[in-house]
Peer 1: 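Supplied in structure tokens, the structure appears directly below.
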Amino acid sequence: MKMGIVTTDIGSVILYVEEGYLVRIELTERALLPVDLPPFTSQLVEYFQKERTSFSLNFRMEGTDFQRKVWQTLMKIPYGSIVTYCGLSKELFGSEGCRYARAIGQVLKRNPLPIVVPCHRVVAKNGLGGFSSGTCWKKYLLSLERGENLF
DNA sequence: GCTATTAGACCCC
DNA sequence: GGGGTCTAATAGC
């Protein structure tokens with residue numbers, strides 16, 4: 001497994017590449033030194049430099065049908081825009097309202113590829129909502145994309 | 001299988 | 001704002 005590291009203003013982003021596929025991204029508040037630059041790393045660097053708003057890379061995600069369905073829908077959220085857990089629930093299951101909002105939160109919590117699969121663009125109906133790597137990352141990513149602090 | 005957990009939402013005070 | 005309730009997928013037992 002190859003690793004790539006991108007350093008940002010508030011911490012480091014670690015990319016794990018396996019057999020030519022991006023399989024995991026970890027966000028940490030620690031500052032790590034870049035050791036090598038496997039494929040995909042440069043795209044993350046460009047993203048943090050605001051020179052990239054979408055990714056073009058081979059990635060692999062394993063999960064249940066429900067998880068894949070949610071992750072797939074996340075990929076359609078445009079750069080800089082936000083949706084709510086409730087809104088996602090309605091989009092996926094129609095008239096059943098916000099019933100799945102909480103389950104969707106559980107899926108996003110286990111998103112192995114944050115940033116690339118943009119779970120940071122999903123917020124609660126009244127507030128920021130959580131984030132697996134800490135809400136300061138979520139705030140940072142949203143302000144990076146939107147150029148304003150919403151929360 | 002069952003139980004506890006949870007990155008939500010809603011209601012009432 | 002705090003407390004209770006409904007809710008559904010998951011992890012762990």
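All values below were derived from every heavy atom in this structure, side-chain atoms included, with hydrogens, water molecules and symmetry-related copies excluded. Throughout, a chain's letter reflects where its sequence line sits, starting with A, and its residues are numbered from 1.
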Peer 1: If the condition is ring pair (Phe, Tyr, Trp, His ring centres under 6.0 Å), which residues does Y16(A) pass it with, not counting sequence neighbours?
Peer 2: none
Peer 1: Tell me which donor-acceptor pairs under 3.5 Å the side chains of residues 114-129 of chain A have, and how far apart each pair is, sequence neighbours excluded?
Peer 2:
residue	atom	partner	partner atom	Å
H120(A)	NE2	E145(A)	OE2	2.7
R121(A)	NE	E145(A)	OE1	2.9
R121(A)	NE	E145(A)	OE2	3.4
R121(A)	NH1	I77(A)	O	2.8
R121(A)	NH2	E145(A)	OE2	3.0

Peer 1: Using modelled atom types only, decide if a donor and an acceptor are shared between the side chain of S143(A) and the backbone of K139(A) within a distance under 3.5 Å.
Peer 2: yes
Peer 1: Do F55(A) and L22(A) make a side-chain contact, defined as non-hydrogen atoms from C-beta onward lying under 4.5 Å apart?
Peer 2: no
Peer 1: For residues F40(A) and V6(A), determine if any side-chain heavy atom of one lies less than 4.5 Å from a side-chain heavy atom of the other.
Peer 2: no
Peer 1: What are the residues of residues 101-119 of chain A, sorted by number, that bring a heavy atom to within less than 4.0 Å of DNA chain B?
Peer 2: A101(A), R102(A), G105(A), Q106(A), L108(A), K109(A), C119(A)
Peer 1: Taking the side chain as everything from C-beta on, heavy atoms only, tell me whether N111(A) gets closer than 4.5 Å to F131(A).
Peer 2: no
Peer 1: With sequence neighbours left out, which residue pairs that include part of residues 3-20 of chain A fulfil the salt bridge (Lys or Arg N to Asp or Glu O under 4.0 Å) condition?
Peer 2: E18(A)-R60(A), E19(A)-R60(A)
Peer 1: Quick check for you: name the first and last nucleotides of DNA chain B, 5' to 3', having an atom under 4.0 Å from a heavy atom of chain A.
Peer 2: dT6(B) to dC10(B)
Peer 1: Quick one, which residues of residues 63-82 of chain A touch DNA chain C with a heavy atom under 4.0 Å?
Peer 2: T64(A), F66(A), Q67(A)
Peer 1: According to the salt bridge (Lys or Arg N to Asp or Glu O under 4.0 Å) rule, which pairs have a member within residues 79-88 of chain A, sequence neighbours left out?
Peer 2: none
Peer 1: Which class fits the ring pair F48(A) and Y140(A): parallel under 30°, tilted 30 to 60°, perpendicular over 60°?
Peer 2: parallel
Peer 1: Going by atom types alone, do Q106(A) and R102(A) pair a side-chain donor with an acceptor below 3.5 Å?
Peer 2: no
Peer 1: Are more than 12 heavy atoms from other residues, nucleotides or ligands located less than 6.0 Å from atom OH of Y21(A)?
Peer 2: no
Peer 1: Treating a pair as Watson-Crick (purine N1 to pyrimidine N3 plus N6-O4 or O6-N4) or G-U wobble (N1-O2 and O6-N3) with both distances under 3.5 Å, list the stems of 3 or more consecutive pairs that involve DNA chain C.
Peer 2: B:1-6 with C:8-13, B:8-13 with C:1-6
Peer 1: Counting only non-hydrogen atoms, which of residues 131-146 of chain A are less than 4.0 Å from DNA chain B?
Peer 2: F131(A), S132(A)
Peer 1: Taking side-chain hydrogen bond (donor to acceptor under 3.5 Å, both in side chains) as the test, write out the residues that go with E148(A), two or more places apart.
Peer 2: R146(A)
Peer 1: Does anything in residues 57-87 of chain A form a disulfide (SG to SG under 2.5 Å)? List the pairs, not counting sequence neighbours.
Peer 2: C86(A)-C98(A)
Peer 1: May I have the distance from Y85(A) (atom OH) to dA9(C) (atom C1'), rounded to whole angstrom?
Peer 2: 15 Å
Peer 1: Taking only residues two or more places apart in sequence or in another chain, which ones pass side-chain contact (heavy atoms from CB on, under 4.5 Å) with K50(A)?
Peer 2: L144(A)
Peer 1: Would you mind reporting whether P112(A) and M61(A) have side-chain heavy atoms less than 4.5 Å apart?
Peer 2: yes
